[in-house]
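Here's the structure, in structure tokens; my notes come after.
Order of appearance sets the numbers: ligands from 1, and atoms from 1 within every ligand.
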Amino acid sequence: MSKAAAFAAFDSTAPLAPFSFERRAPGPRDVQIDILYCGVCHSDLHTVKSEWQGTVYPCVPGHEIVGRVSAVGAEVDGFAVGSLAGVGCMVDSCRTCASCSAGLEQYCDRSATIYTYNTKDPHGAGPVTYGGYSSQIVVDHAFCLRISDGVDLAATAPLLCAGVTTWSPLKHWGAGKGKKVGVVGLGGLGHMGVKLSHAFGAETVVFTGSPSKVEDAQRLGADVVVITSDAAAYKAHAASFDLIIDTVSASHDLDAYTQLLRRDGALVMVGVPEHPHPSPGIGKLINKRRTIAGSLIGGIRETQDMLDFCAAHGVVSDIELIPIQRINEAYARMVKSDVKYRFVIDMASLTAG
Ligand code: NAP
Ligand code: ZN
Ligand code: ZN
């Protein structure tokens, strides 16, 4: 066992505050990682505020983890003390069902996915798993990701969730040259969606409610930027998209986007708002055989593929590095869509001062 320093939420309304707990001693297949950086995902905030119900307190969020290996078990493959390593949204699953065997552990057919935080801890070190707002983590090597030497580690951390959550649907729905892709919401997920869609060669259109983000959207790779209040622009893009990825963290009208899809186009929901969206109009779906789909993070194999692609192509997140003591301020800004474009916690701040 090792004592981890952390920040935790103690109930759904109080600010996050210091906390300490025990990590399990690494078993034969475990990797222990000293956490250097952890990204701040809107899912952390939804969970801390129990907007999805079922949060167990204290809650230590964080699933965009990059660090350095400090211990390995005897049977660990591919990681040694001193290697860089990443941990994303999952730390285990059943590993044998059809979905796990296909490398899609997030869709485990036995619903046995163990998320990095707020899932019953199968090792019993705590009541639930504790995430990356902490000094170290112990994870089975099968759920550890390799991080290439020479990348910007802080700016790579958000790839572990925001990167793969947009990579996975872009790949699954075939974004690339000759395809027109929309990204709704320019936050953590959205800005990675724009960078990846652009890198895949798709014509990329951003829909943002924040006029202050227009220039950034272009710099990030958008060919066109539409402000969500511009009804004429929505008309001009009618029935023209192959794929739209909706990353918005609040409920909103979906018809505005389904009617932008061409025949057989898909609106893929990745945002998970606290309150339901208004029911979409069925007429807009049957007309042109359009689809509304959902997509959850990405499997371990595709996360590694994404990290390797990003390292090779110089793709990282645009970040604002913060000490952990500013986490509550970061959450307040995230609620106001004032994020450019991912907060990342410098974990050295946990023990500094
Ligand atoms: P984020 O950084 O806060 O970005 C969300 C963006 O949505 C905002 O920047 C804003 O973009 C837009 N937005 C926010 N409130 C809005 C409102 N009331 N009306 C219209 N637009 C609004 O959040 P994130 O970390 O990217 O996460 C986005 C959502 O995805 C969250 O619900 C999160 O829980 C979910 N998520 C899902 C998965 C998955 O596997 N499916 C994985 C990770 C996160 P503009 O300023 O451009 O309008
Ligand atoms: Zn996330
Ligand atoms: Zn499974």
Does an N or O anywhere in [X] fall below 3.5 Å from an N or O of ligand 1?
X      : answer
Leu296 : no
Val270 : yes
Tyr341 : no
Leu189 : yes

**Prompt:** For ligand 1, is there an atom lying under 4.0 Å from some heavy atom of Ala162?
**Reply:** no

Residue, atom name and distance, where the atom is the protein heavy atom closest to [atom]:
atom                    : value
atom 25 (O) of ligand 1 : Arg342 NH1, 2.6 Å
atom 43 (C) of ligand 1 : Cys161 SG, 3.4 Å
atom 7 (O) of ligand 1  : Val248 CA, 3.6 Å
atom 8 (C) of ligand 1  : Ser337 OG, 3.6 Å
atom 48 (O) of ligand 1 : Gly209 N, 2.8 Å
atom 29 (C) of ligand 1 : Thr247 O, 3.3 Å
atom 40 (O) of ligand 1 : Ile297 N, 2.7 Å
atom 2 (O) of ligand 1  : Gly188 N, 2.8 Å

**Message:** Could you work out, for atom 5 (C) of ligand 1, the closest of Gly193, Ser249, Gly298 by heavy-atom distance?
**Reply:** Ser249

**Complete:** Candidates Thr208, Val214, Thr165; heavy atom nearest atom 42 (C) of ligand 1 found on Thr165

[X] and [Y]: aromatic ring centres closer than 6.0 Å?
X      : Y      : answer
Phe207 : Phe241 : yes
Tyr133 : Tyr117 : no
Tyr331 : Phe343 : no
Phe21  : Tyr130 : yes

Looking only at the side chains, is there a donor atom on one of [X] and [Y] sitting less than 3.5 Å from an acceptor on the other?
X      : Y      : value
Thr129 : Asp121 : no
Ser2   : Arg24  : no
Ser12  : Ser50  : no
Tyr257 : Tyr234 : yes
Thr113 : Glu105 : no

**Fill in**
d(Glu22 CD, Met1 CE) to nearest 0.5 Å is 4.5 Å

**Item:** Atom pair CD1/CG of Ile300 and Asp305 - distance to nearest 0.5 Å
**Value:** 11.5 Å

**Message:** salt bridge (Lys or Arg N to Asp or Glu O under 4.0 Å), that's the test. Do Arg290 and Asp264 meet it? Break it down for me.
**Reply:** CA-CA 5 Å; Arg290 291 154 165 153; Asp264 291 331; over 6 Å; no

Of all the atoms in ligand 1, which lie at a distance below 4.0 Å from a heavy atom belonging to [X]?
X      : answer
Gly271 : 29 (C), 30 (O), 32 (O), 35 (C)
Gly187 : 2 (O), 4 (O), 9 (O)
Gly185 : 11 (O), 47 (O)
Trp52  : 34 (O)

Using a 4.0 Å heavy-atom cut-off, say whether [X] meets ligand 1 through its side chain, its backbone, both or neither.
X      : value
Ala250 : side chain
His252 : neither
Phe343 : neither
His46  : side chain

**Item:** Charged tip of Lys171 within 45° of Trp167 ring normal and under 6.0 Å
**Value:** yes

**Asked** Can an N, O or S atom be found in His42 less than 2.8 Å away from the Zn ion (ligand 2)?
**Response** no

**Asked** Is there an N/O/S atom in Cys41 at a distance below 2.8 Å from the Zn ion (ligand 2)?
**Response** yes

**Message:** Out of the candidates Asp253, Val248, Leu254, only one should pair with His277 under the side-chain contact (heavy atoms from CB on, under 4.5 Å) rule; please name it.
**Reply:** Leu254

**Request:** Nearest 10° is fine: what angle sits at the Zn ion (ligand 2) between NE2 from His63 and SG from Cys161?
**Result:** 110°

**Test log, rule salt bridge (Lys or Arg N to Asp or Glu O under 4.0 Å), inputs Asp216 and Arg219** = CA-CA 5 Å; Asp216 286 341; Arg219 176 179 54 78; 3.2 Å; yes

**Complete:** side chain to side chain donor-acceptor pair (under 3.5 Å) test vs Ser317 passes for just one of Lys195, Arg342, His191, namely His191

**Request:** Could you please spell out the steps behind the side chain to side chain contact (heavy atoms under 4.5 Å, CB included) verdict for Arg29 and Asp140?
**Result:** CA-CA 6 Å; Arg29 298 165 58 81; Asp140 189 289; 3.8 Å; yes

**Check: Pro273 and Ser249 side chains under 4.5 Å, non-hydrogen atoms** = no

**Request:** For the pair His42 and His46, name the ring-plane relationship: parallel under 30°, tilted 30 to 60°, perpendicular over 60°.
**Result:** tilted

**Complete:** Listed as residue and atom, the protein N/O/S atoms under 2.8 Å from the Zn ion (ligand 3) are Cys94 SG, Cys97 SG, Cys100 SG, Cys108 SG

